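All figures in this text were calculated on a predicted structure; none of them were measured in a lab.
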Amino acid sequence: MLTIHKLLPQGQGLAKVLLQRAATVELDWDVRQKSRFAATDSQGRELAIFLPRGQAVRGGDVLVAEDGSLICAIAAPQRVLKITACATHGTAFDLVRAAYHLGNRHVPIELQPDHLKIEPDHVLADMLRSLHMTVVAADLPFEPEGGAYGGHVTNDGHSHHHHGHSHAQAHAHDHGSCGHNHDHAHCGHDHHKGCCG
């Protein structure tokens, strides 16, 4: 078993050739937000990860094992809700409003220019549809916002800083869509009326 105590954010300082040769480990957000967990890498090696408390692993980070081995972390596709403005009636401002309401509920959220992602929650999905958003279930990597004040992500997915308490959520990277399992999209409109009202 390889023990890991060190993480290099996005492989900073490592030559590209080293990263290309490195093993990988694919982890969903529930695992990556923990500072202590076990995993198996692409070479079949058992890993025991012990990172500083509150340090989350992001897709693209590199774990450094005690023997010097490098393991690149990949954000695994997982079930999320992808939120977009209604294509027929929506505007870019609708996405801002949705992010505001989700932030007020301290929900871990991934922010992208044209969409948001949250973990599945039927109550929040209904609330978003009432705001005229399109909500689609999908299997995608999830990278929730990490905090605006240099704070770290705790095991509850929230961001904390020693000068205060911030619940802004991620360093948002979309590492590609690996799944194509989508539910029906609903934006909360009665499209027979032809306007949002």
Side-chain angles (χ1 to χ4, degrees), residues 7 10 23-42 46-47 49 51 54-61 63 71-88 90 92 94-147 152-159 167-189:
L7 179 147
Q10 304 301 298
T24 59
V25 62
E26 195 166 338
L27 307 164
D28 67 19
W29 176 244
D30 286 340
V31 173
R32 289 184 292 113
Q33 67 179 313
K34 297 174 183 173
S35 53
R36 285 162 172 65
F37 58 90
T40 303
D41 73 8
S42 59
E46 296 295 318
L47 310 176
I49 292 89
L51 298 174
Q55 182 171 24
V57 179
R58 299 288 179 176
D61 287 350
L63 301 167
I71 302 100
C72 294
I74 297 171
Q78 65 184 76
R79 188 56 101 173
V80 295
L81 297 179
K82 184 176 178 182
I83 302 140
T84 55
C86 176
T88 306
D94 293 337
L95 207 58
V96 174
R97 185 184 321 134
Y100 170 82
H101 285 288
L102 291 169
N104 275 344
R105 287 159 179 79
H106 305 297
V107 175
I109 178 173
E110 179 177 331
L111 306 173
Q112 294 291 337
D114 62 347
H115 69 272
L116 310 172
K117 285 186 224 165
I118 61 171
E119 293 175 299
D121 184 309
H122 72 277
V123 173
L124 292 176
D126 289 344
M127 181 268 294
L128 290 161
R129 289 181 182 118
S130 75
L131 295 172
H132 309 298
M133 303 304 297
T134 299
V135 178
V136 178
D139 292 319
L140 298 167
F142 184 52
E143 292 282 7
E145 193 69 22
H152 57 272
V153 176
T154 64
N155 288 351
D156 63 1
H158 293 133
S159 175
H167 286 283
Q169 288 97 0
H171 186 75
H173 292 295
D174 192 347
H175 294 282
S177 169
C178 297
H180 301 286
N181 186 2
H182 301 285
D183 289 348
H184 290 97
H186 301 282
C187 69
H189 298 299

Decide yes or no on side chain to side chain contact (heavy atoms under 4.5 Å, CB included) for I71 and T24, but give the supporting numbers first. CA-CA 5 Å; I71 302 100; T24 59; 5.6 Å; no
Rounded to the nearest 0.5 angstrom, the CD-CZ distance for Q78 and F142 is 6.5 Å
Nearest heavy-atom approach of P108 to I118 is O-CG2, 3.8 Å
Does the side chain to side chain contact (heavy atoms under 4.5 Å, CB included) test come out yes or no for W29 and R58, once each step is laid out? CA-CA 8 Å; W29 176 244; R58 299 288 179 176; 3.7 Å; yes
Within the structure provided, determine whether E26 and S42 are in side-chain contact (heavy-atom separation under 4.5 Å). no
Across all chains, not counting sequence neighbours, the salt bridge (charged side-chain N to carboxylate O under 4.0 Å, His left out) partners of D61 are none
Using modelled atom types only, decide if a donor and an acceptor are shared between the side chain of Q33 and the backbone of V57 within a distance under 3.5 Å. no
Heavy-atom closest pair, residues A99 and L111: CB-CD2, 4.4 Å
So which of L124, L131, L102 actually passes side chain to side chain contact (heavy atoms under 4.5 Å, CB included) with I83? L102
Once rounded to the nearest 0.5 Å, what's the spacing between atom NZ of K82 and atom CD of E110? 10.0 Å
All salt bridge (charged side-chain N to carboxylate O under 4.0 Å, His left out) counterparts of D126, not counting sequence neighbours: R129
Taking the side chain from R36 and the backbone from I49, do they hold a donor-acceptor pair closer than 3.5 Å? no
Here the gap from Y100 atom OH to L95 atom CG, rounded to the nearest 0.5 Å, amounts to 16.0 Å
Kindly give the heavy-atom pair with the smallest separation between L81 and A125, and that separation in Å. CD1-CB, 3.9 Å
Using the rule given for side chain to side chain contact (heavy atoms under 4.5 Å, CB included), can you reason through T84 versus D114, listing the C-alpha separation, both sets of side-chain angles and the distance that settles it, and then say yes or no? CA-CA 7 Å; T84 55; D114 62 347; 6.0 Å; no
At what distance, to the nearest 0.5 angstrom, does CG of L63 lie from CG of L27? 7.5 Å
Could you go through V107 and E119, starting from their C-alpha distance and side-chain angles, then the distance that decides it, and tell me whether this counts as side chain to side chain contact (heavy atoms under 4.5 Å, CB included)? CA-CA 8 Å; V107 175; E119 293 175 299; over 6 Å; no
Do R32 side-chain atoms and E143 backbone N/O form a donor-acceptor pair below 3.5 Å? no
Strictly distance-based, threshold 3.5 Å: is any side-chain N or O of D94 a donor or acceptor partner for the main-chain N or O of R97? no
Closest heavy-atom pair and its distance - L116, A98: CD1-CB, 4.0 Å
Side-chain contact, heavy-atom cut-off 4.5 Å: T40 with V25? no
Rounded to the nearest 0.5 Å, the OG1 atom of T88 sits from the NE2 atom of H132 at a distance of 13.0 Å
